[in-house]
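Report on the structure given below.
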Amino acid sequence: MWLKELEIHQFRNYKDVNLQFQPGLNVFLGQNAQGKTNLLEAIYFLALTRSHRTRFDKELTQFNSDNFRLQGVLSKLTGTLPLEVSWTSKGRMTKVNHLRQAKLSNYVGHMNVVLFAPEDLQLIKGSPNLRRKFIDIDLGQIKPTYLAELSHYQHILKQRNSYLKSAQSIDPHYLDVLDEQLAQYGARVIQHRLQFLNDLETVAKKQQEYLSQENEHLTIQYESSIDLQLDLQFLVKELAETLLQKRQTDILKRTTSIGPHRDDVQFAINGMDAKFGSQGQQRSLILSLKLAEIQLIKEVTRESPILLLDDVMSELDNQRQTKLLEAISGDIQTFLTTTSLDHLQTLPIDLQIFNIHQGEILPETL
């Protein structure tokens, strides 16, 4: 798949923009703070209805505006597909082929993207929430049922936490009902995550070995407060029993202390937590994960995702650049932001360059 056209209305520093892209490499070239990353963010938001930089949609509106709209035309194996996301103070609205979508799971997955940005190193060194979000974004794109079941889980979790915080006296029978539902949906969420991480590890470990000349062996471990198996009924039973064991603690703390909302992921290189690895090892690991994401999405959807590279090429040495450029040279539409082309190695001839200056976009050809 590739994005043929993008319209931006009142998003970040862009009032009205209409851009046409080519299916290969598209470069946003300009100095810092000119709006390059804002364009990548618009493409990311069009695909996922969320920003990778802020949790608050209001921050995405242009100055003195109270709404924004993004429209795109996607080219897929099945034909062209118009997409639209808009936001006002009343909330978001999404459309696929001009038809409004009631559920997020009916929208996400039509346009698949993989983002690679400097802050991705925080995936290794940052909080567990970042690693859970990494799974949710990737898995949500290739398995819409995951988003639906995660949404159900989060809804019941919110009910349980609200009840624990506000109830004057706890009704154990009501908690039994909530816990049964929480265990059912939570087990499904964990099962999806386990299968995804197994698949991701299989592909990413090969990439890591290639980048390290067979010296680094990557493992990915899902960390949970319950015993883990892929069998759904086992997970339901484990989660239900652990919720019951932790009930008094949860009542005292007035929050739900266990479940997939508390789980984590550990990346290890040669058996050592990657948090303690060198910066080079960590960069290789992130690159391996991104390349694995591309391959997994392509295997599941039968189409290549769109690759977004936010000022990362200057952070990579020649070997890692070469590996990434090998991916770009295939059938993957790529959007790359950079301040200069000088440090880039063996770029394709047919790239499209967009010069960005103070929110003005001027396309050029080499």
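The shown structure was predicted, so the numbers you read here are calculated from the model rather than taken from an experiment.
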(message) Consider side-chain hydrogen bond (donor to acceptor under 3.5 Å, both in side chains). Of E59, E41, Q62, which one does R12 pass it with?
(response) E41
[X]-[Y] co-clustered via ILVMFWY side chain contacts under 4.5 Å:
{"X": "F234", "Y": "L243", "answer": "yes"}
{"X": "F68", "Y": "L48", "answer": "yes"}
{"X": "L139", "Y": "Y44", "answer": "no"}
{"X": "L83", "Y": "V85", "answer": "yes"}
{"X": "L291", "Y": "V300", "answer": "yes"}

Looking at [X] and [Y], what are the two nearest heavy atoms and their distance?
{"X": "L200", "Y": "L289", "answer": "CD2-CD2, 3.8 Å"}
{"X": "T242", "Y": "S225", "answer": "CG2-O, 4.3 Å"}
{"X": "I269", "Y": "E216", "answer": "CG2-CB, 3.8 Å"}
{"X": "R193", "Y": "Y146", "answer": "NE-OH, 2.9 Å"}
{"X": "I124", "Y": "K275", "answer": "O-CG, 3.2 Å"}
{"X": "S51", "Y": "R53", "answer": "OG-N, 2.8 Å"}

Is the shortest heavy-atom distance from the side chain of [X] to the side chain of [Y] under 4.5 Å?
{"X": "I226", "Y": "L235", "answer": "yes"}
{"X": "E303", "Y": "N112", "answer": "no"}
{"X": "H152", "Y": "Q184", "answer": "no"}
{"X": "I258", "Y": "L239", "answer": "yes"}
{"X": "S75", "Y": "V73", "answer": "no"}
{"X": "Q295", "Y": "E299", "answer": "yes"}
{"X": "L39", "Y": "L19", "answer": "yes"}
{"X": "E209", "Y": "H217", "answer": "yes"}

Would the number of heavy atoms belonging to other residues, nucleotides or ligands and lying under 6.0 Å from [atom1] of [X] be above 12?
{"X": "K90", "atom1": "NZ", "result": "no"}
{"X": "K4", "atom1": "NZ", "result": "no"}
{"X": "K76", "atom1": "NZ", "result": "yes"}
{"X": "E180", "atom1": "CD", "result": "no"}
{"X": "K15", "atom1": "NZ", "result": "no"}

(message) As a test of understanding, state which of L70, D16, N67 forms a side-chain contact (heavy atoms from CB on, under 4.5 Å) with H9.
(response)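 The side-chain contact (heavy atoms from CB on, under 4.5 Å) with H9 is passed solely by D16 among L70, D16, N67.
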(message) Among V312, D120, L121, L211, exactly one meets side-chain contact (heavy atoms from CB on, under 4.5 Å) together with R283. Which residue is that?
(response) L121
Is it true that [X] and [Y] have a side-chain N and a carboxylate O under 4.0 angstrom from each other?
{"X": "D250", "Y": "R160", "answer": "yes"}
{"X": "D263", "Y": "R132", "answer": "no"}
{"X": "K298", "Y": "D331", "answer": "yes"}

Between [Y] and [X], is there a side-chain donor-acceptor contact under 3.5 Å, judged purely by atom types and distance?
{"X": "D66", "Y": "S89", "result": "no"}
{"X": "R320", "Y": "S284", "result": "yes"}
{"X": "Q195", "Y": "D199", "result": "yes"}
{"X": "T337", "Y": "D310", "result": "yes"}

(request) Take V113 and Q141 through the test side-chain contact (heavy atoms from CB on, under 4.5 Å) and record every step on the way to the result. (result) CA-CA 8 Å; V113 297; Q141 291 190 82; 4.1 Å; yes
Between [X] (side chain) and [Y] (backbone), is there a donor-acceptor pair under 3.5 Å?
{"X": "T202", "Y": "N198", "answer": "yes"}
{"X": "T334", "Y": "I332", "answer": "yes"}
{"X": "Q191", "Y": "L230", "answer": "yes"}
{"X": "E360", "Y": "H357", "answer": "no"}
{"X": "S288", "Y": "Q208", "answer": "yes"}
{"X": "Q233", "Y": "D231", "answer": "no"}
{"X": "N270", "Y": "N215", "answer": "yes"}
{"X": "E84", "Y": "K95", "answer": "no"}
{"X": "Q266", "Y": "D273", "answer": "no"}

What's the separation between atom [atom1] in [X] and atom [atom2] in [Y], rounded to the nearest 0.5 Å?
{"X": "T145", "Y": "L150", "atom1": "OG1", "atom2": "CG", "answer": "11.0 Å"}
{"X": "L60", "Y": "Q10", "atom1": "CG", "atom2": "CD", "answer": "13.0 Å"}
{"X": "L307", "Y": "L336", "atom1": "CG", "atom2": "CG", "answer": "8.5 Å"}
{"X": "I306", "Y": "L40", "atom1": "CD1", "atom2": "CG", "answer": "11.5 Å"}
{"X": "L178", "Y": "T256", "atom1": "CG", "atom2": "OG1", "answer": "9.0 Å"}
{"X": "Q154", "Y": "L147", "atom1": "CD", "atom2": "CG", "answer": "9.5 Å"}

(message) Under 4.5 Å side-chain heavy-atom separation, chaining through any Ile, Leu, Val, Met, Phe, Trp or Tyr, what else clusters with V236? Say none if it is isolated.
(response) L232
(request) Take M111 and I43, measure what side-chain contact (heavy atoms from CB on, under 4.5 Å) needs, and give me the verdict at the end. (result) CA-CA 10 Å; M111 176 179 171; I43 296 170; 3.6 Å; yes
(request) I would like to know whether K36 and D311 meet salt bridge (charged side-chain N to carboxylate O under 4.0 Å, His left out); could you show each step before the answer? (result) CA-CA 9 Å; K36 303 188 304 297; D311 199 24; over 6 Å; no
(request) Determine, for F196 and K143, whether the Lys NZ or Arg CZ falls below 6.0 Å from the six-membered ring centre while staying within 45 degrees of the axis. (result)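 Because its charged atom misses either the 6.0 Å distance or the 45° angle limit, K143 does not stack over F196.
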(request) Show your reasoning for whether side-chain contact (heavy atoms from CB on, under 4.5 Å) applies to I297 and M1. (result) CA-CA 11 Å; I297 290 174; M1 71 177 67; over 6 Å; no
(message) Can you classify the ring geometry of H261 versus Y153 as parallel (below 30°), tilted (30 to 60°) or perpendicular (above 60°)?
(response) tilted
(request) Using the side-chain contact (heavy atoms from CB on, under 4.5 Å) rule, take V96 and N106 through it: C-alpha gap first, then chi angles, then the decisive distance, then the call. (result) CA-CA 9 Å; V96 177; N106 292 337; over 6 Å; no
